[in-house]
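Only one structure is covered here, and it is reproduced in the block below.
The figures here come from the full heavy-atom set of this structure, side chains too, leaving out hydrogens, waters and symmetry mates.
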Amino acid sequence: MSSITIIFPDGSSKPFEQGTTGMQIAESISRGLAKNALSFSVNGEVWDLQRPVTSDAAIKIFTWNDPEGKDTYWHSSAHLMAEAIETLFPGTKFGIGPSIENGFYYDLDMGDHSLTQADLQAIETKMVESTKRDVPYERSEVKWEEAVDYFKTKNDPYKLELLDEFKGRQISMYHHGTFTDLCAGPHLPSTGKIKFIKLMSIAGAYWRGSEKNKMLQRIYGITFPTKQELDDHLFRIEEAKRRDHRKLGQELELFLLSPAIGGGLPIWLPKGTVIREQLENFLRAEQRKRGYQSVVTPHIANLNLYRTSGHYPYYKESQFAPITMEDGEQFLLKPMNCPHHHQIYSSKPRSYRDLPVRLAEFGTVYRYEQSGELNGLTRVRGFTQDDAHIYCAHDQLKQEIRNTVELTQLVFTTFGMEVKTRLSYRDDTNAEKYGGNTEFWDQAQREIKEVADEMGLNYFIGIGEASFYGPKIDFIVKDAIGRSWQLGTVQVDYVMPERFDLEYTGSDGLKHRPVIIHRAPFGSMERFIGLLIEHFAGEFPVWLAPVQAVVLPIASAHAEYAKTVFDTLTSSGIRAELDDRSEKVGYKIREHEMKKVPYMLVVGEKEKEAGTVAIRRHKHGDSGAMALEEFIKQIQHENSVHQLTV
């Protein structure tokens, strides 16, 4: 048999017999790797370990520690669940069953049967039985007609609808135990790899996400190789419930969602507005240091502006419908700030001496989200972006990208968040999705990678994650309980200068196109604050806290001194409250602990005579007495350095 050359991730290579499987390659490296291997990639495409490699290829073995390994594990778990469901509920028709960020789901048509928690327990038990049998997952490739015949026999209209999109092509199917599914794979070697199982919840889901289609039942589940990992995951879920920004937002009186106003349109209450203003002030100060100019643009504009930019019709489905006036003129609720900023740039002649021009705005935009997709502050229909656009010459681009990345890193460092970076590139197999010419795209992608390498960023490349007008650097942060959120972004844009005919006069006296950098460290104020609420569990650092200190007189005889303390705090710029109710001081302390106020200043006769305050720190209790002036200096210091902890 002829040999093939296998290239490993470190660049080394080794000859193997043609037809060697991924598992055999793993075994040739080490027993430990073979034991932990879940799937492998062949020239970038993820395969089952059982598939033979028939030509020279670059390969990588994936374990549980790799995203691709988890994806394979959870995809196979979805099939395991489907087999259990088909056994327990014959006649069930299956929609799709993918892996997701945390686990998997399967959409099901079970006729008149409505799933219950008892059903989930029975399905779990049946899944465990299958794992103990250690049944292999087997792949087969059949003609399209054979696949259609199979699912016609099963009377499964959902698989038949999916097959309509692959007419005339070779179809891959997977089998394990008594279950067969239409699937591209990859899958684990066998069910025995799946160790600890938890079916999490039942939900409704329209077939293929369309409200025009039938509502199916969806089961969410998750699996792990070890019990400790499952236990940790369940703990994080309970912790996430405790930190839920929708719950805390109501308890702490931060924001309001009212059906009278409309879904996805949050109202900021006074305390929530304080947090928002503090964030804006923080970023505005940093922007001033870096030469940004603040602008304000309207919430609505002529539809033709967005036709020029391409936001309409590129993102037509996610926008509110145009507003047509009696004279036929059409307007659109602003879906993006950038076209407005381009108008500011082009409002007067620009010289190379003017560049870079940095325009910044906290601009509110509007996107239409289906009601079922709305979620507190993290998925809304009206939100404010900390948007900026930098217009620069080509030879200024790399330094401006570096500056924007440094600003974004400063933001996340300030809040104690771990950051990972994604370089989001275009997908050349889907070129019609993007604007501009390939030469500019290649140049932009090359330059953001050079900046990432020079700055030593911890990055990975996401093919197909670019916006329609350019590649970008996306910042993915981890919160206090390990969840990932995509927040800030830096985008390079060679397309909009062409669309809007933007130019400047160069040192050669000729007209040139500037390059645009789109930049938003917070991303969306609403989403960022939703994350902060959960990240801090509502226990904000002092500089962000809506109320930094509350003054508590022990008795009515101390009310006058308490008022003096309160007035001194507020006149010094401290956000304070005075609680002079006739309730017992212990009751008031418990109440303000629940409100997560960083400092409580208890004043009685001793404090009145000494001109001091008795300090109680949130969650730490009594911290002793301190002169009022000294306490004020402490708070002012915490404000100025944006200190994270009390």
Minimum heavy-atom separation for [X] and [Y], please, with both atom names.
X: N337; Y: E361; value: OD1-OE1, 3.9 Å
X: H75; Y: G97; value: CD2-O, 3.7 Å
X: G376; Y: L257; value: CA-CD1, 3.8 Å

Donor-acceptor pair between [X] and [Y] side chains, under 3.5 angstrom:
X: R422; Y: Q486; result: yes
X: T297; Y: K334; result: yes
X: Y206; Y: Q370; result: no
X: E277; Y: N281; result: no
X: T384; Y: T364; result: yes
X: Y599; Y: H618; result: no
X: N102; Y: H233; result: no
X: Y106; Y: Q217; result: no

Are [X] and [Y] close enough for a salt bridge, meaning some N to O gap below 4.0 Å?
X: R616; Y: D622; answer: no
X: D453; Y: K449; answer: yes
X: E447; Y: K398; answer: no
X: E400; Y: R358; answer: yes
X: E593; Y: K619; answer: no
X: E239; Y: R243; answer: yes
X: K588; Y: E591; answer: no
X: R402; Y: E454; answer: yes

Okay, side chain of [X], backbone of [Y]: is any donor-acceptor separation there less than 3.5 Å?
X: D479; Y: G482; result: yes
X: R575; Y: A545; result: yes
X: K70; Y: W64; result: yes
X: H245; Y: L377; result: yes
X: S76; Y: Y73; result: no
X: H535; Y: A480; result: yes
X: D386; Y: L283; result: no
X: Q278; Y: T273; result: no
X: R290; Y: E286; result: yes
X: Q385; Y: M525; result: no

Side chains of residues 405-419: which donor-acceptor partners sit under 3.5 Å, not counting sequence neighbours?
| residue | atom | partner | partner atom | Å |
| --- | --- | --- | --- | --- |
| T408 | OG1 | T404 | O | 2.9 |
| T413 | OG1 | Q409 | O | 2.8 |
| T414 | OG1 | L410 | O | 2.7 |

Any [X] side-chain heavy atom under 4.5 Å of [Y] side chain:
X: L601; Y: F631; value: yes
X: W74; Y: I222; value: yes
X: F224; Y: I197; value: no
X: P546; Y: I275; value: yes

With T63, which residues qualify under side chain to side chain contact (heavy atoms under 4.5 Å, CB included), at least two apart? L33, N36, N65, D66
Could I get the full list of side chain to side chain contact (heavy atoms under 4.5 Å, CB included) partners for E251, not counting sequence neighbours? K247, L248
Verify the neighbour count for atom CD of Q250: are there more than 12 heavy atoms of other residues, nucleotides or ligands below 6.0 Å? no
Are there over 12 heavy-atom neighbours, none belonging to M455, within less than 6.0 Å of that residue's CE? yes
Separation between [atom1] of [X] and [atom2] of [Y], rounded to the nearest 0.5 Å:
X: L628; Y: I574; atom1: CG; atom2: CD1; result: 9.5 Å
X: L265; Y: E526; atom1: CG; atom2: CD; result: 10.0 Å
X: E583; Y: I589; atom1: CD; atom2: CD1; result: 13.0 Å
X: F196; Y: L230; atom1: CZ; atom2: CG; result: 8.0 Å

Would you sort out whether D579 and V551 count as a side chain to side chain contact (heavy atoms under 4.5 Å, CB included), showing the intermediate values? CA-CA 6 Å; D579 187 348; V551 184; over 6 Å; no
Angle between ring planes, H341 versus H389, binned at 30° and 60°: parallel, tilted or perpendicular?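 Correct class here is perpendicular.
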For F320, does the six-membered ring have the charged nitrogen or CZ of R381 within the cation-pi criterion, i.e. under 6.0 angstrom from the centroid and within 45° of the normal? no
Kindly indicate whether a cation-pi arrangement holds for K478 with W485, taking the cut-offs as under 6.0 Å to the six-membered ring centre and within 45° of the axis. no
